[in-house]
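Here's the structure we're looking at; comments come further down.
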Amino acid sequence: MAEGVTPQSEDYSRWYTDVVQKAELADYAPVKGCMVIRPYGYALWENIHDALDSRFKATGHENAYFPLFIPMSFLQKEAEHVEGFSPELAVVTIGGGEKLEEPLVVRPTSETVIGHMYAQWIKSYRDLPVLINQWANVVRWEMRTRLFLRTTEFLWQEGHTAHETAEEAQEETIRMLRVYQDFAENEAAIPVIPGRKSASEKFAGAATSYTIEAMMGDRRALQSGTSHNLGQNFAKAFEIRYLDRNNELQYCWTTSWGVSTRMVGAIVMVHGDDKGLALPPRLAPIQAVIVPISKTDEEREQVLPAAEDIFKRLQAAGVRVKLDARTEFTPGWKFNEWEMRGVPLRIEVGPRDVANQSAVLARRDIPGREGKTFVPWAELDIKVPEALVTIQKALFDRALAFREEHTHRPENYEQFKEAVEDGFALAWWCGDLACEDAIKTDTKATNRCIPLEQDGGTGKCVYCGKDASEKAIFARAY
RNA sequence: CGGGGCGUAGCGCAGCUUGGUUAGCGCGCGUGUUUUGGGAACACGAGGUCGCGAGUUCAAAUCUCGCCGCCCCGACCA
């Protein structure tokens, strides 16, 4: 591994790609816009997967799998949907050397094929709700790609549910948005703003879209998860109907919601620094790394068994721990490498520590001497898990403080323009597309969402001055 | 698709302007010795279809034309 990364202050986007590659999260694939998720990055994704999956199960959802290929005609059944996705479809026209009767779309999302199946499975109100999630890969032919943030192929989960009433569908939409918020804040240590998307930003085919928006280290916004109330749009397009309690045929109300490998990019950009990644302990593939230190063979014979003993102890205490006993690297080199890879806690064991029956704990989130403490061996199985909890909270608190510092409540358009230069602007908005567009053209800031949690009261639209009943977050976004 | 940059060893680059023996350098890699509390040192060694294709020439990494690919910045998007 080469030394160092481009500093954030010098070139943030180069810093980002440097970190992703040097921390060995991912690498460029031979096909443009595609990436290889390396074992370390995939281990992080697996932890994201598990944390989300257990939450889905706890809220009554089941996993299933639907096919990669979707008949082209399915996409065309929902007018807005096909319009939104056509420009970025990958289409298969030849199979087994023969031209296909009907082209197959490589799924960009699965509402259509799942809607088709739901139409066959759902007959009665007794069949509802249907609560299914799938973990899958999808393909969107994006013009400009960035590792994890926007790749041609990406991994995600997509939940698809069908309900008896509009109210139930809306409840589900918000429930899953809150699940995403809980995951982002408590697992990824990323503070997010849950909110509603404006009409121009909503999912193609949805009645209403909701999002969790997060602020990255360069103060730009990243949509980190979405939950859509699809109304009866897809139910009507795919004839998803049921007989209600009065024996009358009704269309279902459906939802869909997703979180993707983009979340990895969010974690990199929210917590990372010029030393590299900083992973939240709850998701980190390696929570603590033990670095043994010895000058002579004699010392090594004392230090290594001590390190191995600590390793076993921590493993027994449920810590994801790694012992880095490689002899070809110096301790200093290892310190830098594990910092680059974002391991939350480093444990140093050298001759001095063996003599004192203690070890040095060094926190990734606090650089240098300040982040170091000496801990007796006997207390490690308590102190290490404690430190991980502390670090998890510290990362969240720091990210929240950063977001607050760069979130402004402009009173007028001049202040608004300054605000979006610095970060988020939370401003009164009349709800007009015209104002959104004008703001975008003028400042490059887009309407990220109308937060569910409002300040209250009413005001005047920050752009046009008309009456406004809600505030929206505006920011430059990824 | 518009703008910019780049393709020479695994990575980062020099060489190209002004064509000329066997294409260099740093890092990394292999072996050995000494090292190890913040990115160790020395010695020896392995590693190249100079992006691809045509052309000019006695001679092309170098000049000409064409093509391909990648990265960054914008419009589109999770």
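So that the names make sense, note that chain A is the first sequence line, chain B the second, and so on, each numbered from 1.
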Inset, instruction - State which of rC72(B), rA78(B), rU36(B) makes the closest approach to the side chain of Ser260(A). - result: rA78(B)
Inset, instruction - Dump the intermediate steps for side chain to side chain contact (heavy atoms under 4.5 Å, CB included) on Glu158(A) and Val138(A), then the final yes or no. - result: CA-CA 10 Å; Glu158(A) 45 180 328; Val138(A) 289; 4.2 Å; yes
Legend entry - Arg150(A) to Tyr478(A), cation-pi by 6.0 Å centre distance and 45° axis angle: no
Legend entry - Aromatic centroids of His160(A) and Phe66(A) separated by under 6.0 Å: no
Inset, instruction - Counting Watson-Crick and G-U wobble pairs only, both distances under 3.5 Å, name the nucleotide matched with rA40(B), or none. - result: rU34(B)
Inset, instruction - Would you mind telling me which of rG37(B), rG39(B), rC29(B) lies closest to the side-chain atoms of Pro351(A)? - result: rG37(B)
Legend entry - 5'-most by nearest nucleotide on RNA chain B - Arg326(A) or Ser13(A): Arg326(A)
Legend entry - Spacing of the P atoms in rA9(B) and rG24(B) (rounded, Å): 14 Å
Inset, instruction - Consider the side chain of Val360(A), meaning its heavy atoms from C-beta on, and name the nucleotide among rG39(B), rC76(B), rG37(B) that approaches it most closely. - result: rG37(B)
Legend entry - Strand-adjacent residues in residues 292-311 of chain A, judged by heavy atoms under 4.0 Å from RNA chain B: Ile293(A), Ser294(A), Lys295(A)
Inset, instruction - Measure the shortest side-chain to side-chain distance between Leu149(A) and Val264(A) over non-hydrogen atoms and say whether it is less than 4.5 angstrom. - result: no
Inset, instruction - With the side chain of Lys372(A) defined as its heavy atoms from C-beta on, choose the nearest nucleotide among rG37(B), rA78(B), rG38(B). - result: rG38(B)
Legend entry - Proximity of Phe416(A) and Phe474(A) rings by center, below 6.0 Å: yes
Legend entry - Span that lies between the P atom of rA46(B) and that of rC25(B), in whole angstrom: 13 Å
Legend entry - Gln357(A), CD: over 12 other non-hydrogen atoms inside 6.0 angstrom: yes
Inset, instruction - Look at all strands and tell whether Ser209(A) reaches a base, only sugar-phosphate, or nothing, counting heavy atoms closer than 4.0 Å. - result: nothing
Inset, instruction - Go through rG37(B), rC77(B), rG39(B) for me and flag the one nearest to the Asn336(A) side chain. - result: rG39(B)
Inset, instruction - Side chain of Arg262(A) only, please: which of rC77(B), rG38(B), rG37(B) is the nearest? - result: rC77(B)
Legend entry - Lys275(A) side-chain proximity, nearest of rG38(B), rG37(B), rC77(B): rG38(B)
Inset, instruction - Could you let me know what rG74(B) is paired to, Watson-Crick or G-U wobble, both distances under 3.5 Å, or none if it's on its own? - result: rC1(B)
Legend entry - Whichever of Arg14(A) and Ser224(A) has its nearest RNA chain B nucleotide further upstream toward 5': Arg14(A)
Legend entry - is_close_aromatic(Trp257(A), His61(A)), centroid dist under 6.0 Å: yes
Inset, instruction - Answer yes or no: side-chain N or O of Glu337(A) and base N or O of rG39(B) forming a donor-acceptor pair under 3.5 Å. - result: no
Legend entry - Beyond-backbone contact of Asp324(A) with Phe329(A), side-chain heavy atoms, under 4.5 angstrom: no
Inset, instruction - Determine the interatomic distance between P on rG20(B) and the same-named atom on rU62(B); round to the nearest Å. - result: 10 Å
Inset, instruction - Classify the side chain of Arg346(A) versus the base of rG38(B) as yes if they form a donor-acceptor pair under 3.5 Å and no if they do not. - result: yes
Inset, instruction - Please tell me which of the listed nucleotides, rA40(B), rC76(B), rA78(B), lies nearest to the side chain of Lys440(A)? - result: rC76(B)
Inset, instruction - State yes or no: are the ring centers of Phe335(A) and Trp333(A) separated by less than 6.0 Å? - result: no
Inset, instruction - Compare the ring of Trp333(A) with the six-membered ring in the base of rG38(B) and state whether they stack (centres under 5.5 Å, planes under 30°). - result: no
Legend entry - Atom C1', compared across rG32(B) and rC72(B): separation rounded to whole Å: 44 Å
Inset, instruction - Ignoring the backbone of Glu88(A), work out which of rG37(B), rC72(B), rC76(B) is nearest its side chain. - result: rC76(B)
Inset, instruction - Could you check which nucleotide pairs with rA54(B) in any of the strands shown, counting Watson-Crick or G-U wobble with both distances under 3.5 Å? - result: rU64(B)
Legend entry - Pair assignment for rC29(B), Watson-Crick or G-U wobble, requiring both distances under 3.5 Å: rG45(B)
Inset, instruction - Test for a donor-acceptor pair under 3.5 Å between the base of rC77(B) and the side chain of Arg140(A), counting only N and O atoms. - result: no
Inset, instruction - Measure from the side-chain heavy atoms of Gln223(A) and tell me the nearest of rA78(B), rC29(B), rU36(B). - result: rA78(B)
